[in-house]
Number of protein chains: 2
Amino acid sequence: MANIQQIAQHAGVSVATVSRVLNNATSVTPETRRKVEVAIKALNYQPSMLGRNLRNSESRLMLVLLPSISNPFYTEIINGIQNTAIANNYNILLCETDSKPERENIYFNMVKNKLADGIISMDPTVNMQKLNELSKDHPVILCSEYEQGGSIPYVTVDSEVAAYQAVKHLIKLGNEKIALINSDEKFLYARLRRAGYERALKEFKLPIRDEWIYNTKELEFEHGVQAMRMLLQLEEQPNAVFAVSDTLAIGALKALNNGIKVDHPIAIMGFDNISFSSMTNPTLTTVAQPMYKMGCLAAEMLMSSMKGEKVESIVMDHELIIRESTML
Amino acid sequence: MANIQQIAQHAGVSVATVSRVLNNATSVTPETRRKVEVAIKALNYQPSMLGRNLRNSESRLMLVLLPSISNPFYTEIINGIQNTAIANNYNILLCETDSKPERENIYFNMVKNKLADGIISMDPTVNMQKLNELSKDHPVILCSEYEQGGSIPYVTVDSEVAAYQAVKHLIKLGNEKIALINSDEKFLYARLRRAGYERALKEFKLPIRDEWIYNTKELEFEHGVQAMRMLLQLEEQPNAVFAVSDTLAIGALKALNNGIKVDHPIAIMGFDNISFSSMTNPTLTTVAQPMYKMGCLAAEMLMSSMKGEKVESIVMDHELIIRESTML
DNA sequence: ATCATATTTGTAATCGATTACATTTTACAA
DNA sequence: TTGTAAAATGTAATCGATTACAAATATGAT
């Protein structure tokens with residue numbers, strides 16, 4: 001691989017001039033530019049990002065932190081981030097933390113080391129203290145999960161209102177016994193969605209019963225299956241279930257389909273609108289988050305932040321998608 | 001962020017000595033090492049990867065090329081790659097090409113520019129000529145899709161045999177009219193799976209009928225739905241369907257569930273064993289690929305290749321997973 | 001105490017780019 | 001033709017690490 005010296009030599013100019021051609025500086029004669037371009041072609045030259053980055057201390061790389069790549073919720077957001085990043089000559093590095101602090105550290109250090117220019121965190125398990133620390137000197141954006149009253153800009157939906165509306169819809173359909181399959185309430189979104197759930201129940205004077213609230217450790221299908229099985233074993237079965245994630249809701253559907261006897265049909269409502277949710281049988285009613293758009297915005301916010309601009313947090317609109325799982 | 005000079009000054013030694021401590025070189029007095037370590041702690045120093053990489057010309061980054069992150073088939077492989085990479089102090093950069101040559105070029109250049117040390121390509125749409133070119137000077141491994149008789153090492157399963165066995169299973173169940181939902185046959189895996197399908201049919205003297213072979217453009221669910229609808233419109237409906245991907249098979253299941261009248265039950269067989277395939281209703285019979293393991297191996301092969309070792313291609317075992325969609 | 005040798009530490013070149021500043025070339029007016 | 005300002009180009013420092021080689025120090029035998 002040729003370097004800038006060799007191009008300079010081949011073109012009979014100095015390295016500075018080659019660099020000027022590369023960076024479209026103005027003060028280069030068309031004739032000189034041509035010579036350099038010929039040399040670049042001839043030697044099949046590609047400037048080394050390492051040299052450039054070291055000097056400029058920018059890498060044009062953004063990190064995207066997420067707990068696990070296997071949740072389809074993230075893949076749509078990532079698409080948005082990626083497309084926006086590429087359009088602006090950035091690349092993204094997907095960082096799966098597996099919710100392990102050691103991994104998180106690796107990625108934080110990449111930013112400190114100038115190997116990456118900033119971070120978008122979608123990881124609810126992230127160490128907020130460390131992230132706040134990092135955000136003092138480096139651009140950081142939160143996507144989906146965020147910190148109330150915190151200083152890091154975020155893009156998200158209003159989980160409380162969304163959950164409230166979802167549960168209200170279940171009530172309007174005539175359901176009075178509504179269960180909640182929630183994830184771990186150490187996460188803000190989980191607490192907010194529970195709050196929305198409770199607000200709707202209270203508004204309609206329906207009881208909030210502890211045995212109808214099930215908290216799962218993870219969001220995988222299997223945990224939804226497990227949760228639904230528990231609910232079905234109750235003396236008094238609920239007749240509708242609101243799950244805080246489509247993956248959990250799909251697991252719940254699975255448990256329902258799996259031959260366990262139920263006295264009456266049970267309505268299921270999910271959250272996210274992952275592409276899979278229209279493939280289930282029955283198809284899944286859910287609260288749609290504008291995932292792709294959220295990704296795009298998060299990337300734009302990060303780039304603004306990298307330019308030193310002040311960035312405002314954004315709360316995006318959600319939408320109720322009514323499908324078969326609530327039409328019984 | 002402190003640099004090595006400041007550490008040296010703070011510890012009262014030279015930068016060379018600091019570097020020796022960082023890289024665990026032997027010839028450092030315990031006393032000196034301690035002083036340096038104190039300085040590193042005191043200034044909260046992290047060595048800059050840029051400086052290090054420039055000098056060593058290695059980035060400890062591996063690129064993973066894939067057409068789209070949204071196919072769950074890839075996510076399991078990526079998990080394997082990522083875990084293996086991290087265990088060896090590498091990081092991975094996920095590169096979605098969207099099957100666009102411009103994007104591909106960006107990533108190829110990152111390798112040429114020393115911003116990444118090698119590539120694992122899982123992208124069937126990759127420009128093989130360019131990849132071969134790249135592989136002359138840089139480590140490259142193919143995962144899943146590969147080039148027959150090519151020089152780039154790969155890890156894959158035997159698609160022809162797998163398809164043959166899958167279809168044979170359908171035949172053994174008593175099905176005589178077996179359709180194939182294939183993807184674009186410009187891909188090797190698609191041609192091989194078709195070959196296996198035809199071999200099984202021939203062996204049992206069953207007719208190969210063109211109208212029972214449907215080629216989709218993409219692997220998304222919707223294309224499976226579409227394909228199945230076409231098959232159901234035929235004068236003579238098949239009584240079993242082999243789809244070359246679980247996503248297509250799940251779409252086919254959806255089409256079946258969607259109220260279209262069929263004369264008789266239709267068996268469905270998929271390929272991959274994505275986690276979702278056990279969540280459908282009915283659950284999906286499929287050919288399991290050892291995706292996680294393939295990812296691990298691909299990463300190991302790439303690292304071997306980066307060390308300059310000669311790497312042998314690997315064909316892994318597949319496995320028939322019998323579930324409800326073929327038990328009617 | 002002296003010298004040879006082994007061990008530790010320091011100096012300075014190097015990786016490949018960018019860019020402030022210096023120098024050369026060009027253009028044009030007098 | 002000469003002088004001057006503007007434009008083009010070159011020189012060399014710089015980013016932050018590693019490492020060959022040189023220098024200094026420690027060790028041990030005589």
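Below, chain A is the first sequence line, B the second, and so on; all start at residue 1.
Side-chain N or O atoms of B/D184 include one that pairs as donor or acceptor with a backbone N or O of B/K186 at under 3.5 Å. Between the side chain of A/N44 and the backbone N or O of A/I40, no donor-acceptor pair lies under 3.5 Å.
Rounded to whole Å, atom P of D/dT18 lies 5 Å from atom CD1 of B/I4. In this structure, A/K114 places its NZ atom 20 Å from P of C/dA17, rounding to the nearest Å. Rounded to whole Å, atom C1' of D/dT9 lies 14 Å from atom CZ of A/R33. Separating the CG atom of B/L54 from the P atom of D/dG16 is a distance of 12 Å, rounded to the nearest angstrom. Atoms CG (A/N23) and P (C/dG16) sit 17 Å apart, rounded to a whole Å. Atom CG in B/L115 sits about 14 Å away from atom C1' in C/dC15, given to the nearest Å. For the pair B/Q9 CD and D/dA17 C1', the interatomic distance rounds to 17 Å; values are reported in whole Å. In this structure, B/N53 places its CG atom 10 Å from C1' of D/dA17, rounding to the nearest Å.
Comparing D/dA17, C/dT8, D/dT9 against the side chain of B/P47 picks out D/dA17 as the nearest. Counting only heavy atoms from C-beta on, B/L22 has its side chain closest to D/dT18 among D/dA12, D/dG16, D/dT18. In the set D/dT18, D/dT9, C/dT8, the nucleotide with an atom closest to the side chain of A/T17 is D/dT9. Set against C/dT9, C/dG10, C/dG16, the side chain of B/S14 has C/dG10 as its closest nucleotide. In this structure, of D/dT9, C/dA17, C/dT19, it is C/dA17 that holds the atom nearest to the side chain of A/S48.
OP1 and OP2 of C/dT19 both lie 4.0 Å or more from every side-chain N or O belonging to A/S19. Taking 4.0 angstrom as the limit, B/R55 places none of its side-chain polar atoms (N or O) nearer than this to OP1 or OP2 of C/dT14. When the side-chain nitrogen and oxygen atoms of A/N56 are compared with OP1 and OP2 of C/dA17, none of them lie within a distance under 4.0 Å.
Across all strands, A/S27 comes closer than 4.0 Å to base atoms (heavy-atom distances). In this structure, B/V18 reaches neither bases nor backbone, as no heavy-atom distance under 4.0 Å exists between it and the strands shown.
Of the N and O atoms on the side chains of A/N53 and A/S59, not one donor lies less than 3.5 Å from an acceptor on the other residue. Counted by atom type alone, A/Y45 and A/N3 present zero donor-acceptor pairs between their side chains at under 3.5 Å. Remark: the B/T97 side chain and the B/D123 side chain contain an N/O donor-acceptor pair separated by less than 3.5 Å. Side-chain contact, A/N105 with A/K130: a donor N or O sits under 3.5 Å from an acceptor N or O. Side chains of B/T156 and B/Y189: no donor on one and acceptor on the other come within 3.5 Å.
The residue among B/T32 and A/Q5 whose nearest nucleotide of DNA chain C is located toward the 5' end is B/T32.
Test B/L302, B/V311, B/L142 against B/P153 for side chain to side chain contact (heavy atoms under 4.5 Å, CB included) and you get one pass: B/V311.
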For nucleotides 21-23 of chain D, list the nitrogen or oxygen atoms of the protein found under 3.5 Å from its nitrogen or oxygen atoms, one pair per line.
none

